[in-house]
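What follows is a set of notes on a single structure, which appears directly below.
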Amino acid sequence: MRALFLMEIIIVVRGFVVSKSGSLRCLVDRPVVAGRSQDCDIPLNDGATSRRHVEISPREDGFFWRDLGSSNGTFLNGVAKAEGWLRPGDELRVGGTILCIELESPLSRPEKSDLTMMGQTLFAPAQAKRQDGPLARERNLLETVHAVMNEIVTNDDPCRLLDRILLTALPAIQAQRGAILLQTEGTLGGCPQCGKVHGLRDGHLMPVAPDNLRISQTVVRRVFEDGESVLYQDTAQDDELSVSASIMALQLRSIVCVPLRAKHGILGILYIDSDRQDRSYGEEDLLLAASVGNSAGIAIENARMHKEMLEKQKTDQEIETAWVIQQGFLVKDWPDDDPRFQVFGEMRPAKTVGGDFFDYVRPSEHQVGVLIGDVSGKGVPAALTMAQLLARFRLLARDGGSPAEVVRELNLDLAARSERGMFCTLCYLLLDLASGAVCCANAGHSPILHLGPSRTEAFGDASGPPIGILPGAVWRDSQRQLATGDTLMMYTDGMLEARRAAPKNVGSPEEYGIERLQAAASLSRGAHPKELAGRVNDAVLEFCSPNAPHDDCTLIAIRYLG
């Protein structure tokens, strides 16, 4: 046989080739590489192959092949290997493509033995299918696999994809019935999108509730837990399966079950069985099902990624819309023409748009009103709720009601409109510029910080729940007297809950907290509210560094000058 290896060989490619004819021939007179990259000597349009999958090289003693670190491995005559010598008649399988090794001279091809099955094959040799013409049989099998793969790899809807897998693969096997079960949090169940197990019986799609599915749990467990492909016939000598209660109860004659493999593990299983004596599955059916399982797993994974990408795009668009709504209602131009007070506020948003908001009103010439709040949830719903609240607040504040009365009316309005359990914490402060008297009502929000000449203290604790929860809830006003130069600072819980990562293996992340916030504010006692807000926000960012706060940080300060 040494003389044979000294002759040149040709690789005949059957499967996913970049060629109008659907096949490719390549003379191996130098090292050649097969893979998905267009730069390869043998380019393959096969999603199950790596960019540079396998290399075949002529050497002094023959032809040597090696796997180039591919994701799905290379199979020599059906057996997974990393490298080895090639003989005329050998077949290398890469993904769904077969590389057939032929002599360059017209010598007869040696007789091939049956393909070794991947995984554990359970069948009685006397009952295996008899096939005439092994080359014709393998060609037909490959063409069927190719057709099935083409059907499923182009479908990007996860739910519809499962139906296409069944409708293309099961008729090729002439299966009586089959189903696809998918993994969710370590257990097998139905489709995450529709909640049903996608099934096919006698050519008709039949979605089934997971609890009503009658299949062999013994076979399913073996395939899912061990990752092996199983072929069972009622004449098998496998003790575990022969005495399986589920197989006996269902009176099953034959079972084919293969894992759906993807890049990051097993996504689920393709299960096929029969209770008919004249419908028994064999090795070829298992080989076809295993090939479909590998391609289907990759297709399902790609479909999921495509769906996640679309959902992310939708979320990004929603966030952008919410941001536009939110910014359109927030105060941008703070007044600086009244010598009796100074006021400034800002929101520093997190990565996702939250529900923080603030507002500034002048109910009368001698009054200044400041509102701060946080709507539950994120995105467009929170932004729309915020917009409605601010519109309603401006009408109520203009009428000159006390803070508690304004909060009570806002609560009635939100409770009547809220259909998704939406609620809002808020605090409304009213400052009398003539006397320095402060009146505020707090609905489940953080207390106000009062920065006096020598100390900082909190006041105006919540006197009732957030608005939108209890229609009949009531709140009371809290009173405070300011001296000239005093500052009041209002904020949202994003400031307090900003956290920094804890050292490895040392408990949970540490939050910024009220004590640090008071200390940071005290360092800017007497400063203009804009300067105070900048310094406090910078202190929070420094605490969280190198990360950013996970929630919006909103702060508003008002300084009374008398």
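Model, not experiment: these values are computed from the prediction. When a residue number appears, it is its place in the shown sequence, counting from 1.
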Could you state the interatomic distance from [atom1] ([X]) to [atom2] ([Y]), rounded to the nearest 0.5 Å?
{"X": "Glu55", "Y": "Cys40", "atom1": "CD", "atom2": "SG", "result": "10.5 Å"}
{"X": "Tyr232", "Y": "Ser280", "atom1": "OH", "atom2": "OG", "result": "10.0 Å"}
{"X": "Cys544", "Y": "Arg499", "atom1": "SG", "atom2": "CZ", "result": "9.0 Å"}
{"X": "Phe357", "Y": "Leu389", "atom1": "CZ", "atom2": "CG", "result": "5.5 Å"}

Minimum heavy-atom distance [X]-[Y], with the two atoms named:
{"X": "Pro210", "Y": "Val197", "result": "CA-CG2, 3.9 Å"}
{"X": "Tyr271", "Y": "Ile255", "result": "CE1-CG2, 3.7 Å"}
{"X": "Thr184", "Y": "Pro192", "result": "OG1-CG, 4.4 Å"}
{"X": "Leu188", "Y": "Gln183", "result": "CD2-N, 3.9 Å"}
{"X": "Leu162", "Y": "Ile180", "result": "O-CD1, 3.7 Å"}

Taking the basic N atoms (NZ, or NE/NH1/NH2) and the acidic carboxylate oxygens, is any pair closer than 4.0 Å for [X] and [Y]?
{"X": "Arg222", "Y": "Glu228", "answer": "yes"}
{"X": "Asp202", "Y": "Arg276", "answer": "yes"}
{"X": "Asp41", "Y": "Arg30", "answer": "yes"}

- For Met309, does the CE atom have more than 12 heavy-atom neighbours from other residues, nucleotides or ligands under 6.0 Å away?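 Buried by this count: over 12 neighbours within 6.0 Å.
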- Item | Flag if over 12 foreign heavy atoms under 6.0 Å of CZ, Arg500 |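 Yes.
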- Do we see a donor-acceptor contact under 3.5 Å between the side chains of Thr492 and Asp356?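 Short answer, yes.
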- Message: Does either side chain, that of Asn294 or that of Asn72, offer a donor lying less than 3.5 Å from an acceptor on the other one?
- Response: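 No.
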- Option among Phe63, Trp65, Phe64 that satisfies the ring pair (Phe, Tyr, Trp, His ring centres under 6.0 Å) test with Trp85: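 Result for ring pair (Phe, Tyr, Trp, His ring centres under 6.0 Å) with Trp85: Phe64.
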